[in-house]
Amino acid sequence: MVSGLRAPGFQPDTRLESGEAAVKDEPESEPAARNSDETFYCEAEASVAVEKEKPGGESSETDLEIEDTEKLFTTGQRELYLEACKLVGVVPVSYFIRNMEESYVNLNHHGLGPSGTKAIAIALVNVSNNDLGLKGASTISEFLQRNTSSLLNLQLSGNNFKDESAELFCQAFSANYRIKTLDLSHNEFSDKGGEHLGQMLALNIGLQSLDLSWNQFHTRGAVALCNGLRANVTLQKLDLSMNGFGNEGATALGEVLRLNNSLVHIDVSSNDISNEGVLKISKGLEVNESLKVLKLFLNPVSMDGATLLILSIKRNPKSKMEEIDISNVLVSEQFVKILDGVCAIHPQLDVTYKAVQGFSAKKELLLWTNPMKLIQSYADQHQITVIDFFKSLNPNGRMMMSVGDFRKAMIQQDKVPMNPYQVRELIKKLAEKTGMVNFSCWCLGGTLRIMKPGGIKNCGLCYGSIKTAKFSPDAFNASLA
């Protein structure tokens, strides 16, 4: 049997010792369905056969050199898979080892069973919702501490991890600087876990995005996490929503914002933060020079708290804030006037709130005049295309801009005056998940690639009536039609 592929307590089939021919593992042909145990034994038999063909003095540790190991095992997934097989008590599947870095692997009729599937899930590293628990955390931690893998994204959501697992992850990520994105949401970390993860944040210099939403961090855990953030210099995106920070946790977060200049996106929605906590966060925003997105949705914040937030942005000339989400707050017309004044100083800022008190439906409708109709009308009057208008907003003439730059350009331009509501509607149409606005797919020389040949239609994006017979069939995009 190949060294390193034996599961704990596994014994090879004695038939092989008596000279009976081994069944070769042939992935090219699809074998008949078998039960899990039979398949695992078959995989092991193939490995033993290879070993017997090798010269007697050659170490079995070189068996896998038959495969192109330099090509296949560059990410460390092989080692993680072997560790996972030990954890769940199954024999590694040689076919999977040979093909695990291919873009497509057919595992039909390999009799994996639940345990074999779990081992493969761990190796593929997108192992959310697999109930890995403490043993799984131990396996992953040991693997990560080697710091030899080129893995960048680790999804571990919903795996029943508790505080003991947090301690293991602290050990792993205090040494592993390669992982850039880590998702530990929907687990059961509490305050003790927050202390371990806070220590990790203080030491880690690789993570850029961390999701700790839907856990059980309260005051002590929140303060510990924030203490770690004060020393962290690489984390940019942090999701702490659906925990229990409270106002004391918000106070600690406000201090982080005063000192940390790497965080760009923070979500502390649904953490029982009231106006008292918002006041502390606002103090941090008065001096922070990096944060762009702050989400406070569904916290018990009132209009007074919302006013504190936007005034803190006004007092910070170096603020890069682009988005504040307080979607559950009902504001007044006076708040809107204050916000307009803040946006005059920081035109990249967009604040999402519930509604304006006393506004009639007719007033709301006037605010939502379709922005693309306005742009199309301007383009028609000046005999230009819509894309010419958008390109004029970008100093380098490119088809993509960051959301903040696009919002700022739209607010400041005077060709087609728009209010923040209309600009927000434009961004919804054009923004991508990457945080960039892309208008390259809109207009191409005054026409759009969204029609069948010879079609006549009102374009759903620029609202211009287009008549054409120039489109070729491959130009038709059904998703935009």
- Query: Quick one: does Val264's side chain get under 4.5 Å of Val293's, heavy atoms only?
  - Reply: no
- Task: Quick one: pull up CG in Leu257 and OG in Ser290 and give me the separation to the nearest 0.5 Å.
- Result: 8.0 Å
- Message: Using only atom types and a distance under 3.5 Å, with no angle test, would you say the side chain of Asn187 pairs donor to acceptor with the backbone of Leu184?
- Response: yes
- Validation row: Met418, Met410 side chains within 4.5 angstrom (heavy atoms): yes
- Query: Should we count NZ of Lys180 as having more than 12 external heavy atoms under 6.0 Å?
  - Reply: yes
- Between atom NZ of Lys292 and atom NZ of Lys320, what is the distance when rounded to the nearest 0.5 Å? 7.5 Å
- Message: Please evaluate residues Leu235 and Leu201 with respect to the criterion side chain to side chain contact (heavy atoms under 4.5 Å, CB included), reporting the C-alpha separation (whole Å), side-chain torsions for both, the decisive distance (0.1 Å), and the verdict.
- Response: CA-CA 8 Å; Leu235 194 67; Leu201 286 171; 4.1 Å; yes
- Item | Residues Leu285, Leu309; criterion side chain to side chain contact (heavy atoms under 4.5 Å, CB included); working and verdict | CA-CA 8 Å; Leu285 291 178; Leu309 282 173; 3.8 Å; yes
- Task: Please examine the side chains of Phe161 and Leu168, heavy atoms only from C-beta on, and report whether any two atoms are closer than 4.5 Å.
- Result: no
- So which heavy atom on Ser392 is nearest to which on Lys415, and how close? OG-NZ, 3.5 Å
- Query: Does a side chain donor of either Asp325 or Thr352 reach within less than 3.5 Å of an acceptor in the other side chain?
  - Reply: no
- Within 6.0 angstrom of Glu248 CD, more than 12 heavy atoms from elsewhere: no
- Item | Contact check, side chains of Leu253 and Val268, non-hydrogen atoms, under 4.5 Å | yes
- For residues Ser241 and Ser270, is any side-chain donor paired with an opposing acceptor at under 3.5 Å? no
- Task: Please examine the side chains of Leu426 and Phe406, heavy atoms only from C-beta on, and report whether any two atoms are closer than 4.5 Å.
- Result: yes
- Test Phe217 against Phe245 for ring pair (Phe, Tyr, Trp, His ring centres under 6.0 Å), laying out the working first. CA-CA 7 Å; Phe217 303 118; Phe245 270 39; 7.1 Å; no
- Query: Does the side chain of Arg178 come within less than 4.5 Å of Asn176's, by heavy atoms?
  - Reply: yes
- Item | Asn316 side chain vs Asn288 backbone, donor-acceptor pair below 3.5 Å | yes
- Message: Name the residue from Val342, Leu349, Ile313, Val287 that meets the side-chain contact (heavy atoms from CB on, under 4.5 Å) definition with Ser319.
- Response: Ile313
- Task: Please test Leu238 against Asp267 for side chain to side chain contact (heavy atoms under 4.5 Å, CB included), starting from the C-alpha separation and ending with a verdict.
- Result: CA-CA 6 Å; Leu238 179 63; Asp267 189 344; over 6 Å; no
- Item | Check: Ser209 side chain, Thr181 main-chain N or O, donor-acceptor pair, under 3.5 Å | no
- Message: Looking at Asn260 and Ala231, would you say the former's side chain and the latter's main chain have a donor-acceptor pair under 3.5 Å?
- Response: no
- Answer with yes or no whether the side chains of Gln145 and Ser141 bring together a donor and an acceptor at under 3.5 Å. yes
- Task: Quick one: closest heavy-atom pair of Ser282 and Ser312, and the distance?
- Result: O-CB, 3.3 Å
- Task: Begin with the C-alpha distance, continue with both residues' side-chain angles, and end with the deciding distance and a verdict on salt bridge (Lys or Arg N to Asp or Glu O under 4.0 Å) for Glu323 and Lys295.
- Result: CA-CA 8 Å; Glu323 179 184 343; Lys295 293 183 178 292; 3.1 Å; yes
- At their closest point, which heavy atom of Arg424 faces which heavy atom of Asp350, and how far apart are they? NH2-OD1, 2.9 Å
- Message: Check this for me: does any side-chain nitrogen of one of Glu195 and Arg220 sit under 4.0 Å from a carboxylate oxygen of the other?
- Response: yes
- Give the intermediate values and the outcome of side chain to side chain donor-acceptor pair (under 3.5 Å) for residues Asn204 and Ser174. CA-CA 5 Å; Asn204 182 276; Ser174 294; over 6 Å; no
- Is the number of heavy atoms from other residues, nucleotides or ligands within 6.0 Å of CD (Glu276) greater than 12? no
- Donor-acceptor under 3.5 Å (Asn271 side chain, Leu240 main chain): yes
- Task: Could you check Ser402 against Asp405 for side chain to side chain donor-acceptor pair (under 3.5 Å), going step by step and ending with a plain yes or no?
- Result: CA-CA 5 Å; Ser402 72; Asp405 287 344; 3.1 Å; yes
- Task: Output yes when a side-chain donor or acceptor of Asp388 lies under 3.5 Å from a complementary backbone atom of Thr385, and no otherwise.
- Result: yes
- Task: Take Ile97 and Tyr95 through the test side chain to side chain contact (heavy atoms under 4.5 Å, CB included) and record every step on the way to the result.
- Result: CA-CA 5 Å; Ile97 293 176; Tyr95 169 68; over 6 Å; no
- Spatial distance of atom CG (Asn232) from atom SG (Cys226) [nearest 0.5 Å]: 12.0 Å
- Query: Taking Ser377 for the side chain and Lys373 for the main chain, is one N or O donor matched with an acceptor at less than 3.5 Å?
  - Reply: no
- Rounded distance [0.5 Å steps], CE in Met303 versus CG in Leu330: 7.5 Å
- Message: Restricting to non-hydrogen atoms, name the atom on Gly193 and the atom on Ala166 that form the minimum distance, rounded to 0.1 Å.
- Response: CA-CB, 3.7 Å
- Query: Under 3.5 Å, side chain of Thr234 to main-chain N/O of Leu207, donor-acceptor pair present?
  - Reply: yes
- Between Asn275 and Ser302, is there a donor-acceptor pair closer than 3.5 Å when you use the side chain of the first and the backbone of the second? yes
- Rounding to 0.5 Å, atoms CZ (Arg407) and CD (Gln412) come to a distance of 12.5 Å
- Task: Check whether any side-chain N or O of Asn99 sits under 3.5 Å from a backbone N or O of Phe96 as a donor-acceptor pair, and report yes or no.
- Result: no
- In this structure, CE of Met401 is separated from NZ of Lys408 (nearest 0.5 Å) by 10.0 Å
- Item | Pairing of Glu286 and Arg258 as salt bridge, 4.0 angstrom limit | no
- Item | Validation row: Asp211, Leu182 side chains within 4.5 angstrom (heavy atoms) | no
- Item | Neighbour count above 12 (heavy atom, 6.0 Å) for Arg398 CZ | no
- Task: State, to 0.1 Å, how close Val278 and Ile273 come at their nearest heavy-atom pair, and which atoms those are.
- Result: N-CG2, 3.9 Å
- Message: Looking at every non-hydrogen atom in both residues, tell me the closest pair between Val386 and Ala379 and how far apart they are.
- Response: N-CB, 4.2 Å
- Message: Is there a side-chain contact between Glu333 and Gln357 in this structure, where contact means two heavy atoms from C-beta onward sitting under 4.5 Å apart?
- Response: no
- Query: Hey, which of Asn215, Leu225, Asn243 is the one that makes side-chain contact (heavy atoms from CB on, under 4.5 Å) with Phe189?
  - Reply: Asn215
